[in-house]
Protein chains: 2
Amino acid sequence: MKSPKDKIFSFYISRKRMPSYAEIMRLVGFRSKNAVYKLINRLVEEGSVLKDTTGRLIPARALSEVPLLGLVEAGFPSEADAQTLDTIDINEYLFDHKEVSYLLKVKGDSMIDAGIHEGDLVMVERGRSAKTGDIVIANIDGGWTMKYLRKKGDKTYLEAANKKYKPIYPEQELQIAAVVKGVVRKY
Amino acid sequence: MKSPKDKIFSFYISRKRMPSYAEIMRLVGFRSKNAVYKLINRLVEEGSVLKDTTGRLIPARALSEVPLLGLVEAGFPSEADAQTLDTIDINEYLFDHKEVSYLLKVKGDSMIDAGIHEGDLVMVERGRSAKTGDIVIANIDGGWTMKYLRKKGDKTYLEAANKKYKPIYPEQELQIAAVVKGVVRKY
DNA sequence: ATTATAAGTGAACTATCGTTCACCATGCAA
DNA sequence: TTGCATGGTGAACGATAGTTCACTTATAAT
């Protein structure tokens, strides 16, 4: 059986707003708005819900947050500790500048030694200056690739993270379109 | 200068709810709620905002969505095409069962050949049955590790994705705590 | 059994909600 | 010049918001 709190948060997730007191009343099965009022006060006190200056409800923490455990080697905490865990929002973790961020699906194995496999999504930021050693999305002599950006003397070139492939020295122009800032893989 | 639409969405992001008509009025600089009413109707028509059955506003798409381009090799579309791009919500992409999902920070290089590096976050699901070949978080003879789950005959053992390390055959018990379902890396 | 505390009912209150109406200003087409 | 969309003002509407009050039931401790 779902707790009142879960029902309220489910409402928020599906409707993208908090329910009104009358709606919570129907949701939870109360016959009085005042019962809701007291329920909400309890939730506010325990910190899982906040109130606006106007009294309207907002969820206390981003519902997209996920518990972040420590290192793998530390293993799992007991269920009892689960409440005290740190949580992070993977969106906020991954995207610093959402306006210039894009996701690209990876094809090929040229960056496999950098831990980027075929089928992964790479998060790239467009229009940022790339430093030597960055992984970049580049347009070289007409074709697009993802490679390490390297420099030898004053010559800039691209290098794969896979011994199968040779470094690429641009014949005409080397245009950096975006810098790879993150990787997401799903099994 | 921010457009009215951007101001409304900024409000939603920071306050986790849509503004009321009176609030939009102050936000945009109108002196009449009716001007807001007409503005909203335009936004509803263009599809960037939706209305509840009760008239209350909800953002049309999850604001956490990010444009998803095609393959790396296809490169970047022109700015003009940017509106027609597909978008995905990285949260929904990554987490299928949020209730049992955790993030773990990776230590060590034992899974490096599987493209999982030190410092990466792995997304694990707890309490799921693991298949042979899955990457699992296991408690083996008292210590926690992340390894491939392998089987030889009826014997289950763990194998690293790094030739430096030998397979681990459990002496007493092999307890699978979670299955790795995703990886997130940030540069 | 008695009492104290917590939780729910039902009705009322004011403020604000989204909506509607009549009206005004501007710009562009005929 | 006229006509007519387009986008804004200002006031008013009923409906619903969150809140409060007085009262009743349920729970648990002594």
Side-chain angles (χ1 to χ4, degrees), chain A residues 1-65 79-80 82-84, chain B residues 1-65 80 82-84 99:
Chain A
M1 190 52 184
K2 266 190 177 180
S3 74
K5 186 163 70 166
D6 289 340
K7 288 183 181 178
I8 291 170
F9 287 158
S10 297
F11 187 103
Y12 182 85
I13 290 172
S14 62
R15 308 277 297 269
K16 305 207 187 304
R17 66 171 175 87
M18 288 297 256
S20 74
Y21 283 47
E23 285 167 332
I24 297 176
M25 204 176 94
R26 288 164 226 141
L27 223 52
V28 183
F30 287 155
R31 313 177 61 178
S32 156
K33 275 205 291 177
N34 181 258
V36 177
Y37 184 77
K38 291 176 181 172
L39 166 68
I40 292 296
N41 279 345
R42 266 172 268 143
L43 293 182
V44 169
E45 206 132 335
E46 84 173 41
S48 43
V49 161
L50 295 177
K51 281 198 199 187
D52 248 4
T53 47
T54 60
R56 292 210 276 310
L57 305 178
I58 44 179
R61 37 181 31 164
L63 292 168
S64 48
E65 289 186 354
E79 279 297 342
Q83 298 172 359
T84 67
Chain B
M1 188 54 186
K2 265 191 180 180
S3 73
K5 187 164 69 168
D6 289 340
K7 288 183 182 177
I8 291 170
F9 286 157
S10 296
F11 187 104
Y12 183 84
I13 289 172
S14 63
R15 308 278 297 271
K16 307 212 188 299
R17 65 171 175 86
M18 287 296 256
S20 74
Y21 282 48
E23 285 166 332
I24 297 176
M25 203 176 94
R26 288 164 225 141
L27 222 53
V28 185
F30 287 154
R31 313 177 61 178
S32 157
K33 275 203 293 177
N34 182 256
V36 177
Y37 184 75
K38 291 177 182 173
L39 166 68
I40 292 296
N41 279 346
R42 267 172 268 142
L43 293 182
V44 168
E45 205 131 337
E46 83 173 42
S48 42
V49 161
L50 295 178
K51 281 198 200 184
D52 249 2
T53 47
T54 61
R56 293 209 275 310
L57 304 178
I58 42 178
R61 38 179 32 166
L63 292 167
S64 47
E65 291 186 353
Q83 297 172 1
T84 66
E99 324 80 51

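Sequence lines set the chain letters: A, B, ... in the order given, protein chains first and strands last, and positions in each chain run from 1.
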For residues 38-47 of chain B, please give each side-chain donor-acceptor pair under 3.5 Å, one per line with the distance, not counting sequence neighbours.
{"residue": "Lys38(B)", "atom": "NZ", "partner": "Asn34(B)", "partner atom": "OD1", "Å": "3.4"}
{"residue": "Asn41(B)", "atom": "OD1", "partner": "Lys51(B)", "partner atom": "NZ", "Å": "3.4"}
{"residue": "Glu46(B)", "atom": "OE2", "partner": "Lys5(B)", "partner atom": "NZ", "Å": "2.9"}
{"residue": "Glu46(B)", "atom": "OE2", "partner": "Ser48(B)", "partner atom": "OG", "Å": "3.0"}

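Under the rule for a salt bridge (Lys or Arg N to Asp or Glu O under 4.0 Å), the partners of Arg15(A) that lie at least two apart in sequence or sit in another chain are Asp52(B). By the side-chain hydrogen bond (donor to acceptor under 3.5 Å, both in side chains) test, Ser32(A) pairs with no residue at all, sequence neighbours left out. Partners of Met18(A) under the side chain to side chain contact (heavy atoms under 4.5 Å, CB included) rule, at least two apart in sequence or in another chain, are Ile8(A), Phe9(A), Tyr12(A), Val49(A), Leu57(A), Pro59(A). Residues forming a salt bridge (Lys or Arg N to Asp or Glu O under 4.0 Å) with Arg26(A) (at least two apart in sequence, or on another chain): none.
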Any chance you could list the contact pattern along nucleotides 9-22 of chain C? Use B for base contacts, S for sugar-phosphate-only contacts and - for none, protein heavy atoms under 4.0 Å, 5' to 3'. BB------BBBBB-
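Note: CG (Asp52(B)) to C1' (dA17(D)) measures 14 Å, nearest angstrom. One interatomic measurement links the two molecules: CE of Met25(B) to P of dT9(D), which rounds to 9 Å at whole-angstrom precision.
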